[in-house]
Amino acid sequence: MSATTPALPTRVRHLIVGAGFAGVGAAIKLAEIGEDDFLVVEKGNDVGGTWRDNTYPGAACDVPSQLYSFSFARNDWSRSFSAQPEIFAYLQRVAAESGTLDRFVFDTAVTEAAWDDTAGEWVVDTTAGQVRATNLITGSGGLSEPKLPDIDGIDGFDGEIFHSARWNHDIDLTGKRVAVIGTGASAIQIVPQVQKVAAHLDVYQRTAPWILPRHDRTYSTIERLALKHVPGLQRAYRSAIYFGRETYVPGFTRFPQLTAPAKRLAESNIRRGITDPELRAQVTPDFQIGCKRILISNEYYPALDADNTDLVTDRITKITPGAVVTEDGTEREIDVLIVATGFHTTDQPIAHHIRGRDGRSLAEHWSETGMASYKGTCIAGFPNLFQLVGPNTGLGHSSMVFVIESQLAYIIDAVRTQRQAGWPAVEPRPEVQDAWNADLQRRMQSTVWSAGGCASWYLDDHGRNTTLWPRTTISLRRLLANFDSDKYVITERTAR
Ligand code: NAP
């Protein structure tokens with residue numbers, strides 16, 4: 001990003017961590033209410049978050065484009081499901097046009113953020129120096145830290161190896177022997193692209209995912225003109241898609257029988273894409289659809305069915321300098337190893353760097369209970385901390401941009417309330433937070449994510465689902481519409 005990087009101030013009112021959808025949105029919304037004294041600290045060299053980092057071939061959104069923009073900054077999307085470059089360009093444009101980029105600092109990581117109870121502010125150490133801030137707003141992303149597989153010998157691999165979110169564009173895969181470990185959302189987009197150019201491709205599947213057809217198409221010029229210029233059309237189209245996606249929720253949360261048509265569609269997707277009966281059986285999941293994220297692709301199954309691809313379902317036992325070895329003793333030689341093994345989701349790295357009122361980190365608090373917060377946003381014992389995309393705000397069916405905007409409404413109302421009342425600090429009451437989480441976990445029991453017969457990144461080491469929102473996003477938006485200060489411990493002004 002070519003924006004001039006400001007010198008780090010010693011003090012700001014709001015420090016925002018991360019410049020993805022969450023951080024950019026927070027900057028825009030704070031500026032809108034005249035809270036201009038903020039700084040955005042971003043460890044990467046540009047805005048974009050996950051859409052800056054995930055540049056692998058085939059990277060695209062599996063949420064319809066129309067839902068993947070801020071409601072206050074619509075976009076002239078070129079197709080129904082957008083690819084990474086278009087989403088990244090959108091976020092760059094929105095940030096540039098917002099007039100807030102002068103308060104973004106790039107290539108700067110937060111190393112420690114500690115609440116100073118005497119001063120009533122956050123003391124934040126970054127790789128570029130220290131900043132004090134009244135409010136700390138984190139938007140560091142739930143899918144930002146690659147998770148590498150713990151496989152014997154992987155460090156000794158002599159060929160090229162990289163994670164899906166850290167794609168090495170210097171490596172030409174043409175004519176190479178390539179292995180992809182993983183069959184999640186990233187892998188199923190990567191595999192068809194690699195299959196087209198590689199001499200041979202091995203895909204290592206631990207668990208087969210459910211995959212629906214991808215109804216992607218380019219918008220015609222007339223459609224784009226109409227969406228841009230006909231008053232209310234884009235809003236109506238977006239609403240129709242939004243409410244259509246909300247109808248998935250009852251099937252996920254309470255009435256699993258409603259997912260039967262989706263399962264049939266996924267089964268027919270297998271039949272359409274794969275001719276070999278044995279391969280069809282290998283890719284057919286043995287758990288309820290929706291238990292893991294439902295994926296969409298028209299290209300993945302044909303790529304597996306291609307002559308130069310082998311699907312390997314035997315467990316990997318070790319990696320040698322030149323091959324992957326499976327439990328049946330087979331050694332498959334490769335030149336390049338792509339690990340598409342996901343992200344740290346329930347053990348978020350930033351949690352180790354944020355210390356609350358008692359000096360303990362969020363990670364230490366959460367090691368006992370699992371990730372927990374109030375309304376996915378505020379955390380008892382961590383005054384003036386606002387977390388975007390916090391615990392239990394993830395979705396399996398709709399757009400995280402909607403969630404982020406819902407949370408921003410809540411945070412902005414909190415900031416406004418704080419300002420008007422002159423409250424130096426707010427934090428949720430512990431008993432309120434406990435009740436919130438007890439209710440969430442009670443609702444989780446009946447969901448497909450808990451009872452669907454699979455292991456997924458939605459669940460933590462205690463088997464609790466601390467990542468997903470178990471209700472409609474309509475209810476999430478309603479619950480986050482206003483800052484409910486009666487649920488908070490308020491620190492009154494004291495002489496400093
Ligand atoms: P993921 O869904 O967590 O998938 C990781 C894959 O790696 C799984 O197939 C997993 O198998 C496998 N795996 C992990 N460790 C392994 C090991 N030690 N040995 C063998 N296999 C191993 O990660 P992801 O595909 O990067 O996607 C993460 C999330 O990012 C998605 O759920 C989605 O929310 C988001 N995403 C979205 C898009 C999009 O289109 N918008 C695209 C990419 C990613 P198991 O299933 O057995 O654990």
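As the structure lists them, so they are numbered: ligands from 1, and atoms in each ligand from 1.
The protein non-hydrogen atom at the shortest distance from atom 18 (N) of ligand 1 is Pro149 CB, 3.4 Å. In terms of protein heavy-atom proximity, atom 21 (N) of ligand 1 is nearest to Ile181 CG2, 3.7 Å. In terms of protein heavy atoms, atom 4 (O) of ligand 1 is closest to Gly184 CA, 3.6 Å. Protein heavy atom closest to atom 17 (C) of ligand 1, with residue, atom name and distance, is Arg206 NH1, 3.5 Å. Nearest non-hydrogen protein atom to atom 37 (C) of ligand 1 is Ala185 CB, 4.1 Å. Nearest protein heavy-atom neighbour of atom 47 (O) of ligand 1: Thr207 OG1, 2.4 Å. For atom 34 (O) of ligand 1, the closest non-hydrogen atom on the protein side is Arg293 NH1, 3.3 Å. Atom 2 (O) of ligand 1 has as its closest protein heavy atom Trp457 NE1, 3.6 Å.
With sequence neighbours excluded, no residue forms a disulfide bond (SG atoms under 2.5 Å apart) with Cys378.
Listed by first then second residue, pairs satisfying salt bridge (charged side-chain N to carboxylate O under 4.0 Å, His left out) with a partner in residues 189-217 read Arg79-Asp216, Lys196-Glu299, Arg214-Asp216, Arg217-Glu223, not counting sequence neighbours.
Applying side-chain hydrogen bond (donor to acceptor under 3.5 Å, both in side chains) to Gln195 and the options Asp305, Asn308, Thr309, Asp307 leaves one that passes, Asn308. Under the side-chain hydrogen bond (donor to acceptor under 3.5 Å, both in side chains) rule, Thr473 has a single partner from Glu246, Arg245, Arg478, which is Glu246.
Counting atoms of ligand 1 from 1 in the listed order, those under 4.0 Å from a heavy atom of Tyr56 are 42 (C), 43 (C). The distance from ligand 1 to the heavy atoms of Gly182 drops below 4.0 Å at these ligand atoms: 6 (C), 7 (O), 9 (O), 12 (C). Near Asp62, meaning under 4.0 Å from any of its heavy atoms, are these atoms of ligand 1: 39 (C), 40 (O), 41 (N). Within ligand 1, counting atoms from 1 as listed, the ones closer than 4.0 Å to a heavy atom of Thr183 are 6 (C), 8 (C), 9 (O). Those atoms of ligand 1 with a heavy atom of Lys292 less than 4.0 angstrom away are 45 (P), 46 (O), 48 (O). Close approach of ligand 1 to Leu143 is summarised as follows: ligand atoms under 4.0 Å from at least one heavy atom of the residue are 29 (C), 30 (O), 34 (O), 35 (C). Near Gln189, the atoms of ligand 1 lying under 4.0 angstrom from a non-hydrogen atom of the residue are 40 (O), 42 (C).
Under 4.0 Å from ligand 1, the heavy atoms of Ala340 that appear belong solely to its backbone. With a 4.0 Å heavy-atom cut-off, ligand 1 is reached by the backbone of Ala60 but not by any atom from C-beta on.
Residue Ile316 places every heavy atom at 4.0 Å or more from ligand 1. For the ligand labelled ligand 1, residue Tyr204 lies outside the 4.0 Å heavy-atom shell.
Between the Ser450 side chain and the Met444 main chain, a donor and an acceptor come within less than 3.5 Å of each other.
Remark: Glu97 engages Arg93 in a salt bridge, criterion side-chain N to carboxylate O under 4.0 Å. Using a 4.0 Å cut-off between charged side-chain N and carboxylate O, Arg52 and Asp46 make no salt bridge. With respect to the salt-bridge test (charged N to carboxylate O, under 4.0 angstrom), the residues Arg280 and Asp276 do not qualify. Ion pairing of Arg293 with Asp62 is present here, as a side-chain N (NZ or NE/NH1/NH2) and a carboxylate O approach within less than 4.0 Å.
Checked against the 6.0 Å centroid threshold, Trp77 and Tyr219 do not count as a close aromatic pair. Less than 6.0 angstrom separates the ring centroid of Tyr68 from the ring centroid of Trp51.
With contacts defined as side-chain heavy-atom distances shorter than 4.5 Å, the pair Val403/Met400 qualifies.
The heavy atom nearest to atom 26 (O) of ligand 1, out of those in Gly142, Ser186, Ala165, is found in Ser186. In this comparison of Gly342, Ser456, Gly396, the heavy atom closest to atom 23 (O) of ligand 1 sits on Gly342.
Because its NZ or CZ atom is both nearer than 6.0 Å to the ring centre of Phe72 and within 45° of the ring axis, Lys29 counts as a cation-pi partner of that residue.
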